[in-house]
Amino acid sequence: MKNNVNRFGYVSIVGRPNVGKSTLLNRIIGEKIAITSDKPQTTRNRIQGIHNIANGQIVFIDTPGIHACHSRLNKGMVDAALAALRGVDLLLLVVDAGGAIDDRLVRDVLGGTGTPVMLVLNKVDLLADKRVLLERMAAWSQLYPFREILPISAGSGEGVDGLIETVCGYLPEGQPLFPDDILTDLPERFIVAEMIREKIFRLTRDEIPYSTAVTVESFTERPNGVVAISAAICLERPNQKGIIIGKKGEMLKKIGSQARHDIERLLGTRVFLELFVKIEENWSERTSKLREFGYE
Ligand SMILES: Nc1nc2c(ncn2[C@@H]2O[C@H](COP(=O)(O)OP(=O)(O)OP(=O)(O)O)[C@@H](O)[C@H]2O)c(=O)[nH]1
């Protein structure tokens with residue numbers, strides 16, 4: 001690759017739920033723009049992160065995990081992931097290095113794509129025996145003509161610089177599309193809602209995270225510099241309200257204080273965060289609500 005040529009390209013990060021796609025995006029961007037949790041299906045939208053390199057710019061697209069879907073919400077999520085396979089310059093297929101060889105994923109997702117694919121074996125820090133890694137690399141390589149197979153740990157950062165360098169080799173010529181001081185083109189309101197949703201994913205269990213959507217209802221900068229945010233936590237059923245609020249309001253307080261911490265970091269200013277709970281019966285099956293929440 002000639003160094004004096006400018007490069008610009010789109011790279012989609014795809015794979016099954018919970019393999020570390022959002023953790024990888026955050027690691028590449030160097031800031032938390034995508035939410036993460038140890039529960040599958042945390043990401044519901046495509047999330048674009050912008051990474052500048054010496055001679056250009058790369059737009060990385062984090063996507064929802066590809067899974068068998070039952071609800072309309074899940075179908076919308078998988079559709080968003082599949083749409084991100086098209087019109088990009090490179091695909092990063094992220095898998096769990098210690099997980100099973102997933103020939104179905106390769107067949108269903110990569111079949112027919114003309115886009116180069118790099119296989120990223122994530123979470124290598126969890127593999128005690130590195131021989132397992134070599135075996136997995138060999139087995140995956142039998143399934144598909146991956147252009148590269150890279151073991152990394154998005155959690156610790158091991159191998160991520162090398163991954164970015166390798167990605168640069170697949171970028172077409174082009175000029176940067178975004179100013180060099182922005183990390184994402186997502187609206188602040190969206191990221192704020194996501195940070196609240198992340199805390200719900202991390203602090204609650206069972207069906208609660210999957211029954212929750214968050215909308216920012218107002219976002220105002222006060223003369224003293226404090227940003228006042230009011231956000232609604234929307235649940236599917238009235239009996240879920242008590243769980244989110246908790247005994248003496250403790251759960252809601254915890255969600256609020258952890259989210260406020262992240263939002264203050266994101267906005268670089270003090271934040272006053274007000275949360276309230278709303279019931280939107282069966283929103284995950286209703287097209288109008290899915291549209292309103294940005295999931296369709
Ligand atoms: N040990 C280890 N854990 C990791 C690594 N990368 C991600 N994780 C953890 O794996 C879990 C899932 O990570 P996410 O980044 O949310 O995964 P995702 O693929 O975006 O998940 P979905 O939103 O379900 O598509 C989180 O608990 C992460 O902390 C890694 O390299 N090593």
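Excluded from the calculations below are hydrogen atoms, water molecules and symmetry mates; all remaining heavy atoms, backbone and side chain alike, are included. Counting starts at 1 for both ligands and their atoms, following the listed order.
No side-chain donor from either of Glu236 and Tyr210 sits under 3.5 Å from a side-chain acceptor of the other. For the residue pair Arg202 / Thr36, a side-chain donor-acceptor distance below 3.5 Å is found, with atom types taken as modelled. With no hydrogens or angles considered, no side-chain donor-acceptor pair links Glu198 and Gln258 at under 3.5 Å.
Close approach of ligand 1 to Asp38 is summarised as follows: ligand atoms under 4.0 Å from at least one heavy atom of the residue are 27 (O). Close contacts of ligand 1 with Pro40, meaning ligand atoms under 4.0 Å from a residue heavy atom, involve 24 (O). Remark: ligand 1 atoms within the under-4.0 Å shell around heavy atoms of Gly65 are 25 (O). The distance from ligand 1 to the heavy atoms of Lys21 drops below 4.0 Å at these ligand atoms: 15 (O), 17 (O), 18 (P), 19 (O), 20 (O), 21 (O), 22 (P), 25 (O). Ligand-side atoms of ligand 1 in range of Thr43: 23 (O), range being under 4.0 angstrom from any heavy atom. Atoms of ligand 1 found under 4.0 Å from any heavy atom of Ser37 (numbered from 1 in listed order, with element): 11 (C), 12 (C), 13 (O), 16 (O), 26 (C), 27 (O).
Under 4.0 Å is where a charged nitrogen must lie from a carboxylate oxygen, and between Glu264 and Arg260 at least one such pair does. Ion pairing of Arg197 with Glu194 is present here, as a side-chain N (NZ or NE/NH1/NH2) and a carboxylate O approach within less than 4.0 Å. At a threshold of 4.0 Å, the pair Lys289-Glu280 counts as salt-bridged, since one of the basic side-chain nitrogens sits closer than that to a carboxylate oxygen. Salt-bridge annotation for Arg131 and Asp129: present, with a side-chain N of the basic residue lying under 4.0 Å from a carboxylate O of the acidic one. Salt-bridge formation is not detected for the pair Asp62/Arg46: no Lys NZ or Arg NE/NH1/NH2 atom is positioned less than 4.0 Å from an Asp or Glu carboxylate oxygen. For the pair Arg16 and Asp96, the salt-bridge criterion is not met [side-chain N within less than 4.0 Å of a carboxylate O].
Atom 21 (O) of ligand 1 has as its closest protein heavy atom Asn18 N, 2.9 Å. Counting only heavy atoms of the protein, atom 6 (N) of ligand 1 lies nearest to Asn122 ND2, 3.2 Å. Given atom 8 (N) of ligand 1, the protein heavy atom at minimum distance is Lys123 CE, 3.7 Å.
Nearest-residue assignment for atom 13 (O) of ligand 1 (options Thr23, Asp96, Val19; heavy-atom criterion): Thr23.
The distance criterion of under 3.5 Å between nitrogen or oxygen atoms is not met by Ile35 with respect to ligand 1. Checked by distance only, ligand 1 and Gly20 come closer than 3.5 Å through their nitrogen or oxygen atoms. Annotation: Ser156 places no N or O atom under 3.5 Å from an N or O atom of ligand 1; distance criterion only. Note: no N/O pair closer than 3.5 Å links Lys39 and ligand 1 by distance alone. For a threshold of 3.5 Å applied to N or O pairs, the pair formed by Gly155 and ligand 1 contains at least one separation below that value. On a distance-only criterion, Ser22 and ligand 1 share at least one N/O pair closer than 3.5 Å. Considering both main-chain and side-chain atoms, Pro64 never comes within under 3.5 Å of ligand 1 through any nitrogen or oxygen pair.
Residues Ile196 and Leu273 meet the side-chain proximity criterion, which asks for heavy atoms closer than 4.5 Å.
No part of Val94 comes within 4.0 Å of ligand 1, judged by heavy-atom distances. With a heavy-atom cut-off of 4.0 Å, Asp125 touches ligand 1 through its side chain alone. Of the heavy atoms in Gln41, only backbone atoms (N, CA, C, O) come closer than 4.0 Å to ligand 1. Contacts between Leu126 and ligand 1 below 4.0 angstrom, taking non-hydrogen atoms only, involve the side chain exclusively.
Geometrically, Arg147 does not engage Tyr170 in a cation-pi contact, judged by NZ or CZ lying under 6.0 Å from the ring centre and within 45° of the ring axis.
Note: the hydrophobic cluster containing Phe8 also contains Leu91 (ILVMFWY, side chain heavy atoms under 4.5 Å, direct or indirect links).
A side-chain contact (heavy atoms from CB on, under 4.5 Å) with Leu85 is found for exactly one of Thr63, Val109, Val117, namely Val109.
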